[in-house]
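Beneath this line is the structure, given in structure tokens, with notes to follow.
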Protein chains: 2
Amino acid sequence: MTLPISRTRADFIAYMGQALEAQGLPPIAGRMLGLLIFDGEPRSFSELATELGVSRGSISANARHLLARGAIIKENRPGDRQDYFCLAEQSFDTILAELIARMTATSQAVRGFAEALPAEEGARRRLCGLADFYAAMAGGVTQALQRLSTMR
Amino acid sequence: MTLPISRTRADFIAYMGQALEAQGLPPIAGRMLGLLIFDGEPRSFSELATELGVSRGSISANARHLLARGAIIKENRPGDRQDYFCLAEQSFDTILAELIARMTATSQAVRGFAEALPAEEGARRRLCGLADFYAAMAGGVTQALQRLSTMR
DNA sequence: GGGAATGTTCATTTTTGATTGAACGCAGAT
DNA sequence: ATCTGCGTTCAATCAAAAATGAACATTCCC
């Protein structure tokens with residue numbers, strides 16, 4: 001037996017809020033994304049506020065955040081003063097690209113520390129290992145990204 | 001010209017504190033890990049407290065956290081009542097394995113939501129896409145993990 | 001002009017999480 | 001027995017982040 005769609009929708013939105021919070025997004029940003037993913041079509045600023053039951057100030061701040069990240073896009077319609085938001089098509093790719101950038105940066109920073117040490121220091125070897133670790137992760141995620149883009 | 005090792009060490013520890021904080025660890029846990037990575041050999045409970053300049057309560061809590069994650073191990077020496085901690089050998093692998101587990105769990109959760117929807121719902125297709133996204137990431141990291149283990 | 005709708009800003013409040021430090025229990029040493 | 005060193009616990013404190021809501025600017029409509 002199937003649950004009513006609206007129930008699944010609400011559960012999904014709540015779940016996304018928590019899942020993305022664990023990845024560093026503010027909770028409301030996660031729920032906004034969840035809503036936009038589920039609905040698939042643009043939602044207006046005030047629809048978001050009323051549906052999520054949060055203040056307009058929060059929508060404003062979180063939308064700015066998500067826009068800056070390239071996760072969503074703002075749409076404006078002639079003759080309608082409202083802002084509409086929808087998922088950026090390459091929303092996921094953007095997120096992955098940022099992840100890769102962060103890991104690469106960490107790898108390089110650690111390698112920088114390692115290279116400030118004399119070759120005979122054991123610490124140097126360990127830090128290089130850590131740098132390799134981050135580099136490998138960046139590589140793995142890069143492959144995931146490629147696999148995803150060929151997938152469609 | 002080379003900086004004194006102790007300077008690089010301090011900088012590295014501070015950097016790790018911030019880098020791992022961005023990945024969800026408490027700041028002190030990150031610094032503990034940084035210190036143990038740099039030094040490579042076991043450090044005692046009180047050494048950690050005094051060197052990092054934090055309370056014993058913090059060391060206790062964060063060590064418990066890191067132990068639970070499998071990132072460090074506790075060592076006890078006969079005739080010495082102190083606890084010693086050092087990096088778990090497969091510390092990095094463990095972290096990756098957890099990351100994979102989390103992403104796989106998310107993928108499955110999202111697919112669960114998708115499958116609660118009728119086939120004709122557009123949302124179903126979108127949620128499946130999201131599930132694929134997480135699955136692909138898990139796959140990518142899995143490859144990274146394999147690459148790392150063959151590397152040594 | 002007045003009024004309604006819209007998004008932003010910012011000071012304030014709320015919430016969340018980390019950290020501290022005192023109290024405690026336990027185990028050896030004296 | 002008492003004392004000392006060690007790690008844990010937990011209530012209180014502190015700090016950082018997020019959310020709110022009122023004030024504001026702008027635009028459109030009458």
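Throughout, protein chains are lettered first and strands after them, A, B, ... in sequence-line order, and every chain is numbered starting at 1.
- Between A/T94 and A/R69, every side-chain heavy-atom pair lies at or beyond the 4.5 Å cut-off.
- For A/R77 and C/dT6, the CZ to P distance is 13 Å, given to the nearest whole Å.
- Every side chain to side chain contact (heavy atoms under 4.5 Å, CB included) that A/R56 has, sequence neighbours left out, goes to A/F45, A/A49.
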Next on the checklist: Walk me through whether B/R9 and B/D39 qualify under salt bridge (Lys or Arg N to Asp or Glu O under 4.0 Å).
Outcome noted: CA-CA 9 Å; B/R9 180 171 179 274; B/D39 289 357; 2.8 Å; yes

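- Inter-residue side-chain proximity for A/C86 and A/I73 is flagged as met; some heavy-atom pair is nearer than 4.5 Å.
- In this structure, the NE2 atom of B/H65 is 17 Å from the C1' atom of D/dT8, given to the nearest Å.
- When rounded to the nearest whole Å, the span between CZ of B/R64 and C1' of D/dC10 equals 11 Å.
- Contacts between residues 42-51 of chain B and DNA chain D, counted as heavy-atom distances below 4.0 Å, involve B/F45.
- Both A/F85 and A/E21 sit near DNA chain C, but only A/F85 has its closest nucleotide nearer the 5' end.
- The side-chain heavy atoms of A/L99 and B/M137, taken from C-beta on, include a pair separated by under 4.5 Å.
- Here the options are B/R77, B/R43, B/K74, the test is salt bridge (Lys or Arg N to Asp or Glu O under 4.0 Å), and the partner is B/D83; only B/K74 passes.
- Here the P atom of nucleotide C/dT6 and the CG atom of A/N76 are 13 Å apart, to the nearest Å.
- The shortest non-hydrogen separation linking A/L130 to B/F92 is CD1-CZ, 3.4 Å.
- Using a 4.0 Å cutoff on non-hydrogen atoms, no part of residues 66-75 of chain A comes near DNA chain C.
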Checklist outcome for this item: B/S/- along nucleotides 15-30 of chain D (protein heavy atoms under 4.0 Å) is ---SSBB-----BS--

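- Shortest non-hydrogen contact noted between B/A136 and A/L148 is CB-CG, 3.8 Å.
- Partners of A/N76 under the side-chain hydrogen bond (donor to acceptor under 3.5 Å, both in side chains) rule, at least two apart in sequence or in another chain, do not exist in this structure.
- Atom pair A/I59:CD1 and C/dT6:P shows a separation of 14 Å (rounding to whole Å applied).
- Pairs engaging residues 22-32 of chain B under the side chain to side chain donor-acceptor pair (under 3.5 Å) rule: A/Y134-B/Q23 [sequence neighbours left out].
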Next on the checklist: Set out, in order, the CA-CA distance, both residues' side-chain angles and the distance that settles side chain to side chain contact (heavy atoms under 4.5 Å, CB included) for A/L66 and A/L36, then state yes or no.
Outcome noted: CA-CA 12 Å; A/L66 291 174; A/L36 293 175; 6.0 Å; no

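- Rounded to a whole Å, the CG atom of B/D80 is 16 Å from the P atom of C/dA27.
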